Amino acid sequence: MRLHVVAFGCQMSTADGGELAAPLLARGFRAAAAPEDADAVILNTCTVRQHAEDKALSLIGRLKPWKEANPDRVLIVAGCAAERLGPWIRRRFPYVDLVVGAKSIEDYPKVVAEAMAAKFDAMAENSAAFPDGTSSTTGFSAAPESPVGWLSPAVAPVTIMRGCNYSCSYCIVPHVRGRESYRPYEVVLAEARAKAALGAREILLLGQTVNSWRARAEDGVERRFPDLLRAVAAIDGVARVRFESPHPRFFDDALIEALRGIPGAGDHAHLPVQSGSDRVLALMRRNYAFDSFLERVGRLRAALPSIEVSTDIIVGFPTETDDDFERTLELVERLRPAWTYAFKYSPREGTESARGVDDVPAAVKEERLARLNALCDRFAEGALKARVGRSVEVLDETGGYGRTRDGFRVKWGTPAEPGRLRTVRLTGVMKRTLLGESE
Ligand code: SAM
Ligand code: SF4
């Protein structure tokens, strides 16, 4: 029995893809590189922007002939778009076997066991090709939007919280993922330890506002995110700890102090700013302004002078004027991000901002995005070129391919040994990847 998993969207979606696969792997499924080779396909969908949702829905449509060629095959659709559009997906794509929304992921092992047991048993009986029933946790399709190298045996995602308590006016996440819930301290540490014991050298802590995590531990003492970072970094075998996505509001002095004290944690921070205009930031309900955001980043850089910062920006938010957009460009000039994820505003039904008019014309959004990307590319290329000639520590993630401590992708070819930290002399740049030679 073969399983193919596709996760659209953010790293949390990709990590959830792994969780969705687990009960099937435990039943004896093995990974398939493509849907054509698979008896079961899991699609973990994203709905944060219309484009991401459309891609997932289009793939469900394209899987119709795959499913019709053999109705015993299993198609599971999960995630944020499944949460938003569950009943519609069932009607529109009646050949989907199971639709599981993002809020139900904790119940999913039970749901899938109950709904699919008979089908899986029949499949196992007919499956002479893999009689050993072995399972594998490798070979998932990388998420189409995720960086290459994801799901490496050396990098272990660990979800520490789900949901989001914010109400950024453009964002669908709180609607489809619900309010924040934090996984217990001991559970997170046990998962990180188990993954480190299996060979992970980097632990990637995940949550929508990951640094708001806190939990009362079994000893009765409340732990906050900086405490968790320190505890994870102290695990045997863990060389690096990263986290996505922190909210600027919780990037406080306690966190900066922790990053200063943990080798392998304070080399990069992703701080999504969204806009440089105070007027737009207030409409977005981001709870910070141009000055206070840059002040936080200034404190971070004063404490960790070589830290690299990356960000997310939305252009064309309703009512965004040329002046507002100029403030965003000004913020980028001051921030000097090592890389940027820039998006055109996409109205999401049910969000506060979608109740108003999406009044920035498509052509203006397009033009602003192009100008923003040109500026961000300048900083990104500058950061890459500045590294050429240096010798840096790289974690081999997928064999001859990995990342620097500050998050830049590096390709060196041989020797290839996933999980190994090696020193690579950087010799050039190809697109967004540094090229190098192992020393
Ligand atoms: N929780 C993170 C934060 O608060 O910064 C971000 C998570 S969100 C899933 C990822 C990114 O998608 C956001 O930072 C934002 O730039 C972008 N995004 C979210 N909603 C959007 C929308 N309606 N249109 C365009 N981009 C959007
Ligand atoms: Fe969305 Fe804002 Fe929550 Fe981030 S903090 S997930 S942008 S609502």
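Both ligands and their constituent atoms are indexed starting at 1 by order of listing. As a basis for the values below, the full set of heavy atoms in this structure was taken, side chains included, without hydrogen atoms, waters or symmetry mates. Since we're looking at a predicted model, the values are computed, not measured.
Side-chain N/O atoms of Glu106 and Tyr108 include no donor and acceptor closer than 3.5 Å. In summary, the side chains of Ser212 and Glu180 do present a donor paired with an acceptor at a separation below 3.5 Å, with no hydrogens or angles considered. A side-chain donor-acceptor contact under 3.5 Å links Gln50 and Arg348. Judged by distance alone, the side chains of His247 and Asn287 never bring a donor and an acceptor atom under 3.5 Å apart. Side-chain polar atoms of Arg368 and Tyr345 form no donor-acceptor pair below 3.5 angstrom. Residues Thr47 and Glu53 have side chains that bring a donor and an acceptor to within less than 3.5 angstrom of each other. No side-chain donor-acceptor contact under 3.5 Å links Glu352 and Ser167. For the residue pair Ser310/His268, the side-chain donor-acceptor check at 3.5 Å is satisfied. Defined by atom type and a distance below 3.5 Å, a donor-acceptor pair is missing between the side-chain atoms of Thr45 and Arg84.
Neighbours of atom 3 (Fe) of ligand 2 restricted to protein N, O or S atoms under 2.8 Å: the count is 1.
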Exercise for the section: Begin with the C-alpha distance, continue with both residues' side-chain angles, and end with the deciding distance and a verdict on salt bridge (charged side-chain N to carboxylate O under 4.0 Å, His left out) for Arg242 and Asp406. Expected result: CA-CA 10 Å; Arg242 300 159 80 87; Asp406 44 15; over 6 Å; no
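Of the heavy atoms in Arg286, only side-chain atoms (C-beta onward) come closer than 4.0 Å to ligand 2.
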Once you restrict both partners to nitrogen or oxygen, which atoms of ligand 1 have a protein partner under 3.5 Å, and how far apart are they?
from	atom 1	to	atom 2	distance (Å)
ligand 1	1 (N)	Gln208	O	2.7
ligand 1	4 (O)	Arg286	NH1	3.0
ligand 1	5 (O)	Arg286	NH2	3.3
ligand 1	12 (O)	Arg49	NH1	3.0
ligand 1	14 (O)	Gln274	NE2	2.7
ligand 1	14 (O)	Asp312	OD2	2.6
ligand 1	16 (O)	Gln274	OE1	2.7
ligand 1	23 (N)	Tyr170	O	3.1
ligand 1	23 (N)	Ser346	O	2.8
ligand 1	24 (N)	Ser346	N	3.0

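Atom 7 (S) of ligand 2 has its closest protein heavy atom at Tyr170 OH, 3.3 Å.
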